[in-house]
Amino acid sequence: MASSTKRPRPRAAEATAQDRSRTAPEAGEPEAAEPEAVEAEAVEAEAVEAEAVEQEVGEFEAVEPEAVPHVRVAVIGSGFGGLGAGVRLRRAGITDFVVLERADSVGGTWRDNSYPGCACDVPSHLYSFSFAPNPDWPRSFSGQPDIRAYLEKVADVFGLRPHLRFNTEVTEARWDVERTRWQITTTAGRWTADAVVAAAGPLADPQIPELPGLDSFPGKVFHSSRWDHDFQLAGMRVAMVGTGASAAQIVPAIQPQVGKLTVFQRTPAWVLPRRDRAITELEKRLHSRFPITAKARRGTLFALRELQVDAFVRRPGLLKLVQRLAERHLADGVADPALRARLTPDYRIGCKRILLSNTYYPALAAANTEVVPAGLREVRGSTLVAADGSEHEVDAIVFGTGFHVTDMPMGSRVFGVDGTSFAEKWKEGMEALRGSTVHGFPNFFFVIGPNTGLGNSSMILMIESQLNYLIDALTRLDEIGATAMQPTARAQRRWNLELQHRMDRTVWSTGGCRSWYLDKSGKNTVLWPGSTTSFRRATRKVDLTEYELILRSDERAAPPAPGALPAPPASSARAESSGPSGSSALSGPSAAATGTEEVMA
């Protein structure tokens, strides 16, 4: 619903002739005119004043600012999380929403990361929506172009294009206490929304270390997620800073073409073989004609990864066998014992992200590659100085140094009920209730929020669980006649105390490493210490006893759904709910609500 603000129009006459005639003349003033003269004068004055008012109003209406559009839900980001939210909203019958995207196309991290060799380390049939199976994946581990094409197809098939707003970066979101809605400022204008879904994801804003002299480097510098495809690396002396998941794909892709490749390695990673292969045309036809076969394939992949969870979160000792496999993989790929020693981690496998590659070790062992067993400390012109004091001349620097994960930049742009930002709220570390909602930020829902990351399986499973939670929350608000909800401080604190207690037993806490999963205080605010099945159970339904409700005060609010709890008296005061935690099942979408097919074939 559009809204606008108009200044009040002045009254046609502030004083009538009768009012003026009641005032007796002061000494020395001429006596009052005859009644007929007074009446004629008043009529004339009123006509002149009315004409002035009409002219003023006309001028005002001509320059009145454009109304600020209002939507039920504003979604930030158009990657897997944002597009998934759009699909689920439409299936729930909620079509009054927009997806605000700062770039000019969908895709999120799979749009931004287009570096050479970019691919997923989760099998394709598991790294896709359950409601949008793709029988045409070309490989068991698909590359970035195929995953991005899949997301573009999701946007088309599920009718999301009318909801997308490209080149629209959110610069501020602020909760309006009086109007119980979000005020959103973007680079393309302003919006208001009843609810906000933050689906920008943690791998959105690249992190480049602050290095002395970097600004004066004469060559080319870019982050792996902002790859400069116009710059030709052939024959160049290139520095790869970092040895994480991106570097493990970039190094084998560029090593054959560069003149010299210098890899700065602060900490080596454990690497396992990548069981990748082309999916045959027979398999594609089978999955397309008999979708149950694709479901069976997905189910098998899911089950295998669920069986691995116990080793990561409760019994890290079980990973010893996996570590021996990684050691054998290293020995097969690197013959030089000195280099092999440099590439052998001193922590338990699984503590940092396990990499999958068949080509990484051979590329590091190539004649034109040098592995520097230290981080980059300083830049002096075209000379890079490592932490061990060694110096290296290069023409270009590629940073594979990760993203702002535990200090997301969006945190300083979102302000809650008391004007506090997420950045201020999370000074001691990120936390949310069930990874989805935060006390003090009503109707603000995360997709891939704090402690929802995975170390061994598909993030799409976690995204779909959080989307279930989102839809149930919005449905319950309608049923009980409330306009907003926020978790109680007690419920949020209890959830996170239990979560961190479970985290103490995991390999990420006991494995002897320092990873990007940990914030500056050493607390793991990124990963989920359990199976995806347990997270699905935890987010299946909204428990209203964990929430404070903001009751409707707007007379335009929609009436409760038939059979729902009776709406409480109109009020803007918060009330802690003690109502039931269940909700009625969502009905299937109508053709009008979706306007699409639910199969990606």
Side-chain angles (χ1 to χ4, degrees), residues 109 112-118 202-269 338-339 341-343 345 352-353 355 360 363-409 513-516 518-520:
T109 190
D112 295 342
N113 287 271
S114 60
Y115 57 79
C118 184
L203 307 182
D205 296 282
Q207 181 170 261
I208 294 180
E210 295 182 3
L211 296 168
L214 181 60
D215 291 342
S216 60
F217 179 71
K220 192 70 177 179
V221 178
F222 52 85
H223 190 273
S224 59
S225 66
R226 303 293 186 268
W227 195 271
D228 188 344
H229 291 278
D230 293 330
F231 182 71
Q232 299 301 314
L233 295 175
M236 292 285 186
R237 298 170 299 176
V238 179
M240 180 75 230
V241 183
T243 51
S246 298
Q249 296 177 344
I250 294 171
V251 167
I254 68 173
Q255 174 269 320
Q257 58 179 300
V258 301
K260 174 72 180 294
L261 179 60
T262 305
V263 179
F264 289 83
Q265 171 191 268
R266 286 194 307 176
T267 309
L339 178 57
R342 269 181 270 171
L343 297 175
K352 293 171 73 76
R353 183 174 177 179
L355 309 183
Y360 183 50
L364 293 179
N368 66 333
T369 301
E370 178 183 6
V371 177
V372 181
L376 180 57
R377 186 182 69 193
E378 182 183 356
V379 179
R380 299 175 187 164
S382 60
T383 302
L384 306 190
V385 183
D388 62 2
S390 60
E391 299 183 359
H392 310 270
E393 291 288 325
V394 299
D395 304 307
I397 305 174
V398 179
F399 284 98
T401 45
F403 300 84
H404 290 276
V405 177
T406 60
D407 60 338
M408 61 179 73
C513 74
R514 174 79 189 186
S515 70
W516 59 269
L518 310 180
D519 63 17
K520 60 184 179 181

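Numbering of residues begins at 1 and proceeds along the displayed sequence.
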Legend entry - Geometric class of the Y115/W227 ring pair [parallel <30°, tilted 30-60°, perpendicular >60°]: tilted
Inset, instruction - Could you tell me which non-hydrogen atom of T109 sits nearest to which non-hydrogen atom of L203, and how far apart they are? - result: OG1-O, 3.7 Å
Legend entry - Check: V258 main-chain N/O paired with N368 side-chain donor or acceptor under 3.5 Å: yes
Legend entry - Heavy-atom donor-acceptor pair, R342 side chain to V371 backbone, under 3.5 Å: yes
Inset, instruction - Look up atom CD in E370 and atom CG in L339, then write down how far apart they are to the nearest 0.5 Å. - result: 10.5 Å
Legend entry - Note, Q207 side chain near W516 side chain (heavy atom, < 4.5 Å): no
Inset, instruction - Can you see which heavy atom on R266 is nearest to which on G375, and at what distance? - result: CG-CA, 3.3 Å
Legend entry - Nearest heavy atoms of S224 and I250, plus distance in Å: CB-CD1, 3.6 Å
Inset, instruction - Hey, could you give me the NE2/CG distance between H392 and L376, rounded to the nearest 0.5 Å? - result: 9.0 Å
Legend entry - H404 side-chain N/O to A204 backbone N/O, donor-acceptor pair under 3.5 Å: no
Inset, instruction - Check each of V238, V398, L364 against V251 using the side chain to side chain contact (heavy atoms under 4.5 Å, CB included) test, and report the only one that passes. - result: L364
Legend entry - Flag if over 12 foreign heavy atoms under 6.0 Å of CG, D215: no
Legend entry - Spacing of OH belonging to Y360 relative to CG belonging to L343, to within rounding of 0.5 Å: 7.0 Å
Inset, instruction - Hey, could you give me the CZ/CD distance between R380 and E391, rounded to the nearest 0.5 Å? - result: 5.5 Å
Legend entry - Rounded distance [0.5 Å steps], OG1 in T243 versus CG in L355: 8.0 Å
Legend entry - Least distance between heavy atoms, A396 atom then F231 atom: CB-CE2, 3.7 Å
Legend entry - Heavy-atom side-chain proximity of L214 to I208 below 4.5 angstrom: yes
Legend entry - Minimum side-chain heavy-atom gap R226-D112 below 4.5 Å: yes
Inset, instruction - For residues M240 and A247, report the shortest heavy-atom separation together with the two atoms involved. - result: CE-CB, 3.9 Å
Inset, instruction - List the atom of C513, the atom of L518, and the distance in Å for their closest heavy-atom pair. - result: O-CD1, 4.4 Å
Inset, instruction - Mind running side-chain contact (heavy atoms from CB on, under 4.5 Å) on T401 and H223 for me, showing each step along the way? - result: CA-CA 8 Å; T401 45; H223 190 273; 3.9 Å; yes
Legend entry - D205 side chain near M408 side chain, heavy-atom distance below 4.5 Å: no
Legend entry - For F399, the option from P206, P209, S225 that meets side chain to side chain contact (heavy atoms under 4.5 Å, CB included): P209
Legend entry - Main-chain N/O of R514 paired with K352 side-chain donor or acceptor, under 3.5 Å: yes
Legend entry - Nearest-0.5 Å distance that lies between atom CG in L384 and atom CD1 in I397: 4.5 Å
Inset, instruction - Say whether S382 and E393, considering side chains only, have a donor N or O and an acceptor N or O under 3.5 Å apart. - result: yes
